[in-house]
Amino acid sequence: QVQLVESGGGLVQPGGSLRLSCAASGFTFRNYAMSWYRQTPGKERELVAFITRFGGSTNYADSVKGRFTISRDNAKNTVYLQMNSLVPEDTAVYYCFAEFGGWGQGTQVTVSS
């Protein structure tokens, strides 16, 4: 059974940091590129960050470049999103996505003072 389980979301003040994790199971994790998306009410889900199978290449939305870092540990079947210098506009539900089409359930990130 394929599972993608996000964790690490929460409430943080502007300028703060959070690290999201997505634990994968039920498939060969290292065979697939992984991504993080986010969604706010009334808007389409948007791509935040992407990482290739072995982490050799990453890509970011312009809005998060220089503040967010995606990484993965294939030994732990986990992909991470380190988020620094958070701003209120980063408030969203964050989802991890596996290249074959699998989605996690999402984790809420709220940036507010």
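Atoms considered below: every heavy atom in the structure, side chains included; atoms not considered: hydrogens, waters and symmetry mates. Numbering starts at 1 and runs along the sequence shown.
- Ring orientation note: the planes of Phe97 and Trp103 are tilted relative to one another, at an angle of 30° to 60°.
- Judged by distance alone, the side chain of Arg53 and the main-chain N or O of Phe29 form no donor-acceptor pair under 3.5 Å.
- Side-chain contact between Leu20 and Val109 is present, with heavy atoms from C-beta onward closer than 4.5 Å.
- Of the possible polar contacts, none joining the Gln82 side chain to the Thr69 backbone as a donor-acceptor pair under 3.5 Å is found.
- Tracing side-chain contacts under 4.5 Å through hydrophobic residues (I, L, V, M, F, W, Y), one reaches Val79 starting from Phe27; they form part of the same cluster.
- A donor-acceptor pair under 3.5 Å is absent between the side-chain atoms of Glu99 and the main chain of Tyr32, judged by distance alone.
- For the pair Ala49 and Leu81, the tightest heavy-atom approach, listed with the atom from each and the gap, is CB-CD1, 4.1 Å.
- The minimum heavy-atom distance between Thr78 and Ala23, with the atom names listed, is OG1-CA, 4.1 Å.
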For this session: May I have the step-by-step check of side chain to side chain contact (heavy atoms under 4.5 Å, CB included) for Tyr60 and Val48, ending in yes or no?
Result: CA-CA 6 Å; Tyr60 299 91; Val48 175; 5.8 Å; no

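- Using modelled atom types, one side-chain atom of Glu6 and one backbone atom of Cys96 make a donor-acceptor pair closer than 3.5 Å.
- Residues Asn84 and Ser17 have side chains that bring a donor and an acceptor to within less than 3.5 angstrom of each other.
- You'll find the ring centres of Tyr94 and Tyr37 outside the 6.0 Å limit.
- Here the side chain of Thr91 pairs no donor or acceptor atom with the backbone of Glu89 at under 3.5 angstrom.
- Within the 3.5 Å criterion, the main-chain N or O of Tyr80 finds a donor-acceptor partner in the side chain of Trp36.
- Between Leu4 and Met34 there is a side-chain heavy-atom pair separated by less than 4.5 Å.
- A distance-only check finds no donor-acceptor pair linking the side chain of Ser21 to the backbone of Ser7 [under 3.5 Å].
- Residues Val87 and Pro14 fail the side-chain proximity criterion, which asks for heavy atoms closer than 4.5 Å.
- Using a 4.5 Å cut-off on side-chain heavy atoms (C-beta onward), Arg38 and Val64 make contact.
- Distance OG/Ser63 to CG/Asp90: 7.0 Å, rounded to 0.5 Å.
- In this structure, Ser35 contributes its side chain and Phe50 its backbone to no donor-acceptor pair below 3.5 Å.
- Looking only at distances, no side-chain donor or acceptor of Asn77 sits under 3.5 Å from a matching main-chain atom of Thr28.
- To the nearest 0.5 angstrom, Gln3 atom CD is 9.0 Å from Gln105 atom CD.
- Annotation: the span from Ser57 atom OG to Ile51 atom CD1 amounts to 8.5 Å, rounded to 0.5 Å.
- Looking at residues two or more places apart in sequence or on another chain, you find no ring-ring contact (aromatic ring centres under 6.0 Å, His included) involving Tyr95.
- The closest side-chain heavy-atom distance from Phe68 to Thr58 is not below 4.5 Å.
- Summarising the geometry of Arg67 relative to Leu86, their closest heavy-atom pair is NH1-CA, 3.9 Å, with the distance given to 0.1 Å.
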